[in-house]
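Structure, as structure tokens:
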Amino acid sequence: MRGLPGPRSVRVALAVAAAALLIQVLRSWAAASSSARRFEFDPEEIARLGKHHAGLDHEQAFSKIIVELRKKHPGHILPDEDLQWVFVNAGGWMGSMCLLHASFSEYVLLFGTAVDSGGHSGRYWADIHDTVISGTFRQWKEGTTKSEIYYPGDTIVHHSGEATSVQWSAGTWMVEYGRGFIPSTLPFALADTVFSTQDFLTLFYTVRVYIKALLLEAYTYFSDGGQ
């Protein structure tokens, strides 16, 4: 009969409905996690640490930050042999990150760029906090007609569901903390690597260090008796 949806249309509608349901479930999980889950790190703690070392040579600042985080959070920061600067191509920009900690609900990393770069921020199911150590970071928020510029010591919060235009001047380095459904950040972070640069070695490095961080968290959890 004409006018009735065909099998393909029904499958598409079911797929869209399933995706919408999944998104709602993940958003509900992320919202509930803020009050129901125990987190190892606090965003204000990371911001204070970054602000305290802002203005120093970024490599010196990063070394101090790593030492202090290891003292306060033993077993939750990757060992030196697993720390690696890895390129990130996403949203049209290019930077580099050094992952310090990651789980399914949190991450801490060092991030920056040695050249001018900018593009789309991405839209995540996670809140992301960046504290500038050196350089400048410019942000143009969705729905506005003016941008804002941030300097060493400033902290920028990118809330779950937001999208902005971002721009870093050459020599901008930051410490970053994310909280939410962390796997939701990976498709955006890896998309340009897969479909544009096709730098699959970088893809391997990224996935490998995330897995190492997850394994470290699992080891620490069971070593502490699941506390």
Side-chain angles (χ1 to χ4, degrees), residues 19 22-23 26-27 30 43 46 50 58 62 78 82-144 147-150 154-214:
L22 177 61
I23 289 172
L26 291 175
R27 282 181 173 173
I46 303 300
H58 68 275
F62 287 161
L78 286 167
D82 290 330
L83 298 182
Q84 178 183 8
W85 283 98
V86 180
F87 278 141
V88 182
N89 288 88
W93 50 262
M94 184 173 184
S96 186
M97 71 158 188
C98 180
L99 188 67
L100 306 182
H101 164 88
S103 66
F104 290 117
S105 58
E106 291 180 286
Y107 71 78
V108 180
L109 57 80
L110 310 174
F111 175 82
T113 175
V115 299
D116 295 332
S117 192
H120 192 286
S121 67
R123 201 185 294 269
Y124 313 109
W125 296 327
D127 292 335
I128 298 174
H129 305 250
D130 285 290
T131 301
V132 181
I133 301 296
S134 64
T136 58
F137 172 71
R138 185 182 292 273
Q139 184 184 64
W140 173 24
K141 290 188 176 182
E142 184 177 27
T144 70
S147 65
E148 296 178 278
I149 190 166
Y150 299 89
D154 291 338
T155 296
I156 307 95
V157 182
H158 184 99
H159 293 287
S160 175
E162 289 184 346
T164 69
S165 173
V166 292
Q167 184 182 65
W168 300 273
S169 63
T172 299
W173 300 95
M174 322 166 81
V175 57
E176 180 171 299
Y177 171 74
R179 174 185 290 186
F181 185 58
I182 302 309
S184 72
T185 67
L186 294 177
F188 174 79
L190 299 176
D192 281 8
T193 299
V194 174
F195 298 108
S196 179
T197 68
Q198 296 186 352
D199 182 359
F200 296 112
L201 184 58
T202 290
L203 175 64
F204 168 73
Y205 288 151
T206 305
V207 173
R208 181 180 65 176
V209 73
Y210 185 47
I211 290 174
K212 285 183 176 181
L214 293 178

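What you are looking at is a predicted structure, and each value in this text was computed from that prediction instead of being measured.
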With sequence neighbours excluded, what pairs up with Glu162 under the side-chain hydrogen bond (donor to acceptor under 3.5 Å, both in side chains) test? none
Determine whether more than 12 heavy atoms belonging to other residues, nucleotides or ligands lie under 6.0 Å from atom CZ of Phe200. yes
Gap separating the CD1 atom of Ile46 from the CG atom of Asp130, nearest 0.5 angstrom: 11.5 Å
Any chance you could measure Leu109, atom CG, to Cys98, atom SG, to the nearest 0.5 Å? 8.5 Å
Give every donor-acceptor pair under 3.5 Å between a side-chain atom in residues 82-91 and any protein atom, sequence neighbours left out.
from: Asp82; atom 1: OD1; to: Lys212; atom 2: NZ; distance (Å): 3.0
from: Gln84; atom 1: OE1; to: Arg208; atom 2: NH2; distance (Å): 3.3

Going through the checks in order, is the side-chain contact (heavy atoms from CB on, under 4.5 Å) test met by Ile128 and Tyr107? CA-CA 9 Å; Ile128 298 174; Tyr107 71 78; 3.5 Å; yes
Short question: side chain of Thr164, backbone of Val166 - any donor-acceptor pair under 3.5 Å? no
Among residues at least two apart in sequence or on other chains, which ones pass side-chain hydrogen bond (donor to acceptor under 3.5 Å, both in side chains) with Glu106? Tyr177
With sequence neighbours excluded, tell me which residues meet side-chain contact (heavy atoms from CB on, under 4.5 Å) with Ala189. none
Please name all residues satisfying side-chain hydrogen bond (donor to acceptor under 3.5 Å, both in side chains) with Ser169, sequence neighbours left out, ordered by chain then number. Thr136, Thr172
Would you compute the distance between atom CH2 of Trp93 and atom OG of Ser117 and round it to the nearest 0.5 angstrom? 7.5 Å
Partners passing side-chain hydrogen bond (donor to acceptor under 3.5 Å, both in side chains) against Tyr124 (at least two apart in sequence or in another chain): none
Search all heavy atoms of Pro183 against all heavy atoms of Phe104 and return the closest pair with its distance. CD-O, 3.6 Å
Determine the minimum heavy-atom distance between Thr113 and Gly95, stating which atoms define it. CB-CA, 4.3 Å
Between OG1 on residue Thr206 and CG on residue Leu201, distance to nearest 0.5 Å: 9.5 Å
Verdict with reasoning, Met94 to Thr197, per side-chain contact (heavy atoms from CB on, under 4.5 Å): CA-CA 11 Å; Met94 184 173 184; Thr197 68; over 6 Å; no
Spatial distance of atom CE (Met97) from atom CG (Leu110) [nearest 0.5 Å]: 10.5 Å
Residues which pass salt bridge (charged side-chain N to carboxylate O under 4.0 Å, His left out) with Asp199, listed by chain and number, not counting sequence neighbours: none
Taking it one step at a time, do Val132 and Ile156 satisfy side-chain contact (heavy atoms from CB on, under 4.5 Å)? CA-CA 8 Å; Val132 181; Ile156 307 95; 3.8 Å; yes
Considering all heavy atoms, the nearest Ile133-Val175 contact: CG1-N, 4.2 Å
Would you check, one step at a time, whether the test side-chain contact (heavy atoms from CB on, under 4.5 Å) holds for Leu78 with Leu100? CA-CA 5 Å; Leu78 286 167; Leu100 306 182; 6.0 Å; no
Taken in chain and number order and not counting sequence neighbours, the residues that satisfy side-chain contact (heavy atoms from CB on, under 4.5 Å) with Pro187 are none
Sequence-distant partners of Gln167, side-chain contact (heavy atoms from CB on, under 4.5 Å), two or more places apart: Arg138
Atom of Ala126, atom of Phe181 and distance for their closest heavy-atom approach: CB-N, 4.3 Å
Contacts of Phe137 that satisfy ring-ring contact (aromatic ring centres under 6.0 Å, His included) - sequence neighbours left out: Trp168
To the nearest 0.5 Å, how far apart are CZ in Arg179 and CG in Asp127? 8.5 Å
Determine the minimum heavy-atom distance between Ala114 and Ala170, stating which atoms define it. O-CB, 3.5 Å
Check side-chain contact (heavy atoms from CB on, under 4.5 Å) between Ala163 and all other residues, then give those that pass, not counting sequence neighbours. His120, Ser121, Arg123, Glu142
